[in-house]
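Everything numeric here is computed off the predicted structure, so don't read it as measured data. Order of the sequence lines fixes the chain letters, A, B, ..., with proteins taken first and strands second; residue numbering starts at 1 for each chain.
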4 protein chains.
Amino acid sequence: MAQNPASTRPDASRRSERSRRAIYEAALALVGEVGYPRTTVEGIAARAGVGKQTIYRWWSSKADVLLEAFLDLSAQAAEQAADGGAEYAIPDTGDLAADLKAVLRATVDELHDPRFEAPARALAAEGVVNEQLGREFVATLLAPQLQLYVRRLRAAQDAGQVRPDVDPRIALELFVSPLAQRWLQRTGPITHAYTDTLVDYALGGLAPR
Amino acid sequence: MAQNPASTRPDASRRSERSRRAIYEAALALVGEVGYPRTTVEGIAARAGVGKQTIYRWWSSKADVLLEAFLDLSAQAAEQAADGGAEYAIPDTGDLAADLKAVLRATVDELHDPRFEAPARALAAEGVVNEQLGREFVATLLAPQLQLYVRRLRAAQDAGQVRPDVDPRIALELFVSPLAQRWLQRTGPITHAYTDTLVDYALGGLAPR
Amino acid sequence: MAQNPASTRPDASRRSERSRRAIYEAALALVGEVGYPRTTVEGIAARAGVGKQTIYRWWSSKADVLLEAFLDLSAQAAEQAADGGAEYAIPDTGDLAADLKAVLRATVDELHDPRFEAPARALAAEGVVNEQLGREFVATLLAPQLQLYVRRLRAAQDAGQVRPDVDPRIALELFVSPLAQRWLQRTGPITHAYTDTLVDYALGGLAPR
Amino acid sequence: MAQNPASTRPDASRRSERSRRAIYEAALALVGEVGYPRTTVEGIAARAGVGKQTIYRWWSSKADVLLEAFLDLSAQAAEQAADGGAEYAIPDTGDLAADLKAVLRATVDELHDPRFEAPARALAAEGVVNEQLGREFVATLLAPQLQLYVRRLRAAQDAGQVRPDVDPRIALELFVSPLAQRWLQRTGPITHAYTDTLVDYALGGLAPR
DNA sequence: AGTTAACCGAGACGGTACGTCGAGTCTTCCT
DNA sequence: AGGAAGACTCGACGTACCGTCTCGGTTAACT
């Protein structure tokens, strides 16, 4: 992400893998322990046993470090989940409501995982205010996730379970965005029951039949 | 908001109204001009022609200053809108869809108003990461707004336009949260057509009848 | 010495005397203990229990700090020597050679005093390479000392003990400069016998009579 | 000078003459252009088109590099002056005063040569504070020069032009040291007239006959 | 002629200090 | 007593160099 512009770019082939990993771990640990604002580049460097310059050589800011660290963490988690199998999609059992509920329940659990909580919040917050990072965050993490819902909804449309004139990209927001907002802004509790309800409301609509 | 703890609390009756207003204006102006992270307490004090201590005497942090300043701004704007009147509600013409669309269109316009944009984003971002401020932000600004939707949806339920078993507090998120997320995370464009579609999808549901 | 140019010069009347003294002491102590090059502004600040900014507010460099600290030390020493009496001159017993030898012997002793040694060397070295500081060093410390010799030599001329066509400002260098060079460049040992010899050679000349 | 201690000393026979010369030139040029303190090992390496390690392999510090570079420069200059010849001495025309004046005038001219000025000052300054380098500087550059004066003065003693009880090593300082101090500490102007006067005072003494 | 060991340019690395900025506290003087 | 002003300690910033450490790539000497 976000490289220093031209000037005298460092030689990536000679980069220390050891330092990179140590920096990721230190950054995630610190954000988890003391929070994002009190996480400092200096602190990350010290904890990683690394010179500050090594951080500044490869990243442009602590937000940038954290973004990559979190990306790496997500990639690892994903790899673990798929167990090398790769396939990455929302299951399609034929029952759209059930499939969505299952995925959203998993998301709820993830949002409660303290390993993800702190860095995810920090990045989301930074992204709200820092457009460049925000777009990167969305493009690399959020958009791919949302795309999975798009695919699943298209399949449902093909199966006649969702009206064909519905735009899946918008439709998915009916159940994804409420969850997102409750998490980001703490406007309400996040439970399995809640996401189940969202799916029911969204698929069935609010008006009486 | 967030007062200094007991110790020797200042005497509010002798507070300078002049300084308070100047600080609000300086804070909002600076956030608009240079962004939240580069807005400093020192900068606010200098711009307001005020000693730093005067800020620290009455607020606990720059986030706190900005929250109050923004509250003040919102109150002013609201007063202007209602023109001294009081009643604050979503119109009820009997056509729920139309009423919601109208209110959401107004919200879309407000979100595009640069006067609101910068401080609102800044506060939202701070709230994501700073729980205390986040709760204050939600309680004083967001929750009252959402309550208006709850009321309107209850009226619709009474009129038989919304299923009686629907929880209005959750239902409103079907059209409010997607807008919120697009704004906060820039996951998509924000237009009148978009919010209209949200209302249609939410009220009608996605499944074919 | 060397003030920051115009810009926003700090208000000297509110300066902390406590910090100033602590900085002087820390600077002199550090130069004595670890040497000039390994004396850092950061180290001085830490030892003095002072913020770095407080040093940079009042001085432009570590050389500048040390110069003032040394000046202060010299002033104290002088005050102590004269015991408030003020009188500051080379004694005039009528015997020029004896008077000069006495003063030079005292100088030799001072040059061997470790309290003076380290900072004096450091300042002299810095002055060799840093013209601005060098001129300040000479003007405030060296020149006044040399002026005392000029006065004594003039008195000797009036008494007919020195040829009237001799320029005292140059003549004094015959015995002062050799001592200075031996000290600065370690070109030879510095003893009372040595300075006595210098006075004899200088007053009597090298050529046989 | 100052070699790395035993350990794995590099093989001097495989040393790159090309690099050595480039480093000398870069070091002298940089000291002349930006001054000693802002001359860095990194800068010398970059300018010489050489790896940093190549410098650290053969020298222990930038002072050491500069000392050798300056020595090399002096050797070249001397070779040029003597035009391949060898004899290095103060002329002996029988007139001691005239001989000394001539040599000192030449020294004055050299001290004004900007090619020598910057590195010589830098080395002298470093030597004041860095005892090891100072002694090296004196031993390799200063002492041999002074020895020439010793020889010339001895010859003068043999010729009966200088009192036999005078120590030539001290006597020479009467006219050499004042010049050195004026140059090092800028305590006064350096002219031919000045050095002529020094010789006259030193040889003749200050006291009336 | 092929191997090998050292120097070489390059530059990433863990560090230390730089000089600056801002935080939050404290003090002074004014209203 | 509040307020304007701003000096204070402290901590972090992002940069510059330090001296060490690989990393290919040439050489030069020795099989």
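The interatomic distance linking D/Trp59 (CH2) with F/dT20 (C1') rounds to 18 Å, in whole Å. Between C/Arg15 atom CZ and F/dT9 atom P the separation is 12 Å, expressed in whole Å. Between the P atom of E/dC13 and the CD atom of A/Glu17 lies a distance of 11 Å, rounded to the nearest Å. One atom, OH of A/Tyr56, and another, P of F/dA12, lie 12 Å apart when rounded to the nearest Å.
Comparing D/Arg18 and B/Lys62 by the nucleotide of DNA chain E that holds the closest heavy atom to each, the one mapping nearer the 5' end is D/Arg18.
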Between N or O atoms, less than 3.5 Å apart, protein on one side and nucleotides 28-31 of chain E on the other: list the pairs.
none

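Every residue two or more places apart in sequence or in another chain that forms a side chain to side chain donor-acceptor pair (under 3.5 Å) with D/Arg121 is listed here: D/Glu117. The salt bridge (charged side-chain N to carboxylate O under 4.0 Å, His left out) search around A/Lys52 returns A/Glu42, not counting sequence neighbours. For D/Ala125, the side-chain contact (heavy atoms from CB on, under 4.5 Å) partners at least two apart in sequence or on another chain are C/Val128, C/Val129. Not counting sequence neighbours, the partners of C/Phe70 by the ring pair (Phe, Tyr, Trp, His ring centres under 6.0 Å) test are C/Phe116. A search for salt bridge (charged side-chain N to carboxylate O under 4.0 Å, His left out) contacts involving C/Arg18 returns nothing, not counting sequence neighbours. Under the rule for a salt bridge (charged side-chain N to carboxylate O under 4.0 Å, His left out), B/Glu25 has no partner lying at least two apart in sequence or in another chain. Looking at residues two or more places apart in sequence or on another chain, you find a salt bridge (charged side-chain N to carboxylate O under 4.0 Å, His left out) between D/Glu33 and D/Arg47. Residues that satisfy the side-chain contact (heavy atoms from CB on, under 4.5 Å) test with C/Arg14, not counting sequence neighbours, are C/Asp11. Judged as a side-chain contact (heavy atoms from CB on, under 4.5 Å), and not counting sequence neighbours, the contacts of D/Ser19 are D/Ser16, D/Val50, D/Thr54.
Residue D/Arg57 has its side chain nearest to E/dC7 when only F/dC8, E/dC7, E/dC13 are considered. Comparing E/dG19, F/dA7, E/dC8 by their closest approach to the side chain of D/Trp58 singles out E/dC8.
Geometrically, D/Arg20 does not engage D/Trp59 in a cation-pi contact defined by less than 6.0 Å to the ring centre and at most 45° from the axis.
Residues from residues 19-34 of chain A that place a heavy atom under 4.0 Å from any atom of DNA chain F: there are none. For DNA chain F, the neighbouring residues in residues 36-55 of chain B, judged by any heavy atom under 4.0 Å, are B/Gly49, B/Val50, B/Gly51, B/Lys52, B/Thr54.
In terms of modelled atom types and a separation under 3.5 Å, the side chain of C/Lys62 and the main chain of C/Ala27 share no donor-acceptor contact.
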